[in-house]
Amino acid sequence: MSKKTKKKKKLEEKNTIIRVENVSKFFRVPHQKIDSLRGMFVSVFSKKTYEEFVALEDISFDIKKGEFVGIIGKNGSGKSTLLKILAGVYMPDSGKVVINGRISPFLELGIGFNPELSGRDNIYLNATILGLNRREINEKFDKIVEFSEIGRFIDQKVKNYSSGMQSKLAFSVAIHANREILLMDEVLAVGDVAFQKKCLNIFENYKNQGKTVVLVSHAIDTVEKYCDKVVYLSNSKIKKIGSSKEVCDEFLRDNLTKEQLKEMKQNEGNCI
Ligand code: ADP
Ligand code: MG
């Protein structure tokens with residue numbers, strides 16, 4: 001048995017489906033901004049300087065099979081980067097991620113879509129990447145289109161879709177792939193109220209089916225309602241991890257003024 005298989009077996013015994021171990025991710029941001037042809041010419045001969053930017057620092061946590069886990073934090077705190085590492089889009093610069101199941105990701109807009117292809121072709125492309133064969137895709141095709149509400153635009157190039165339409169189609173493919181783990185980045189921020197309600201129904205179904213879901217969202221009340229556990233990122237690190245109520249409360253206390261908190265309490269139950 002290989003080392004990797006042994007590790008996965010060990011995790012299985014503990015019912016752990018995702019393990020994130022001391023993960024860090026850096027980005028190199030170039031210093032000079034090239035905004036002219038002359039600048040481009042000069043930059044070929046000059047020494048390039050970069051600034052190393054830490055997007056994630058020493059992140060560790062486990063996710064158990066069937067857990068619904070939220071990832072919250074202010075803009076730029078590293079949520080999408082973490083989800084992309086779980087999806088295998090980025091490699092961590094240090095640390096490791098072990099995943100013991102098949103993943104269906106819904107990531108930031110545009111990832112996975114070829115804008116020059118039609119919606120129809122992109123469904124086949126994406127579903128194939130997720131591991132479905134042609135027969136399976138043929139079977140699910142109508143349902144995917146129906147859920148996405150794309151209708152007659154299905155044969156238009158995806159580059160002509162609005163961002164909302166692209167997101168709906170990507171989300172529809174992700175949920176119909178029927179994998180054990182669903183990763184979702186800001187799905188509630190796209191689409192209209194009716195679509196958001198459909199997403200919440202999907203969360204409910206996934207919860208009942210015991211699937212594992214990792215949800216990045218700014219909709220704190222939804223995170224609190226659906227998630228068993230929440231990871232709160234702040235400045236590229238884990239600020240708090242624990243039960244959803246406890247962590248969401250801390251996040252709100254850190255980020256809202258007293259007046260905003262009071263207002264929120266009064267409106268509780270009115271929003272999605
Ligand atoms: P969030 O999703 O929490 O808003 P992100 O994970 O998208 O945050 O980004 C975390 C930080 O990493 C941000 O400061 C962002 O500018 C930076 N970042 C993300 N992706 C890249 C990239 N490809 N190149 C350089 N910097 C990046
Ligand atoms: Mg993000």
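For ligands, and for the atoms within them, numbers begin at 1 and follow the listed sequence.
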When you measure from the centre of the six-membered ring of [Y], is the NZ or CZ of [X] under 6.0 Å away and within 45° of the axis?
X: Lys211; Y: Tyr206; result: yes
X: Lys207; Y: Tyr226; result: no
X: Lys25; Y: Tyr90; result: yes

Qualifying residue, where the test is side-chain contact (heavy atoms from CB on, under 4.5 Å) with Arg120 and the options are Ile150, Val145, Ile154 = Ile154

Return the closest protein heavy atom for [atom] as residue, atom name and distance.
atom: atom 10 (C) of ligand 1; answer: Gly76 O, 3.5 Å
atom: atom 9 (O) of ligand 1; answer: Thr81 OG1, 3.7 Å
atom: atom 3 (O) of ligand 1; answer: Lys79 NZ, 2.8 Å
atom: atom 17 (C) of ligand 1; answer: Phe53 CE2, 3.8 Å
atom: atom 19 (C) of ligand 1; answer: Phe27 CE1, 3.5 Å
atom: atom 2 (O) of ligand 1; answer: Ser80 OG, 2.8 Å
atom: atom 23 (N) of ligand 1; answer: Tyr90 OH, 3.4 Å

CA sep, side-chain torsions, deciding dist, call: Ser80, Asp185, side-chain hydrogen bond (donor to acceptor under 3.5 Å, both in side chains) = CA-CA 7 Å; Ser80 298; Asp185 196 349; 2.6 Å; yes

What atoms in ligand 1 come closer than 4.0 Å to a heavy atom of [X]?
X: Asn75; answer: 4 (O)
X: Ala55; answer: 12 (O)
X: Lys74; answer: 3 (O)

Donor + acceptor pair across side chains of Tyr124, Asn138 (<3.5 Å) = yes

Short side-chain donor-acceptor distance under 3.5 Å, Asn114 and Lys159 | no

Would Ser163 and Gln166 count as a side-chain hydrogen bond (donor to acceptor under 3.5 Å, both in side chains) if you check the C-alpha gap in whole Å, the side-chain angles of each, and the deciding distance to 0.1 Å?
-> CA-CA 5 Å; Ser163 55; Gln166 285 190 33; over 6 Å; no

If you measure from each heavy atom of Gly73 to ligand 1, is any distance below 4.0 Å?
-> no

Determine whether any heavy atom of Phe26 lies closer than 4.0 Å to an atom of ligand 1.
-> no

Does Ser80 put an N, O or S atom under 2.8 Å from the Mg ion (ligand 2)?
-> yes

Phe251 and Tyr232 aromatic centres sub-6.0 Å = yes

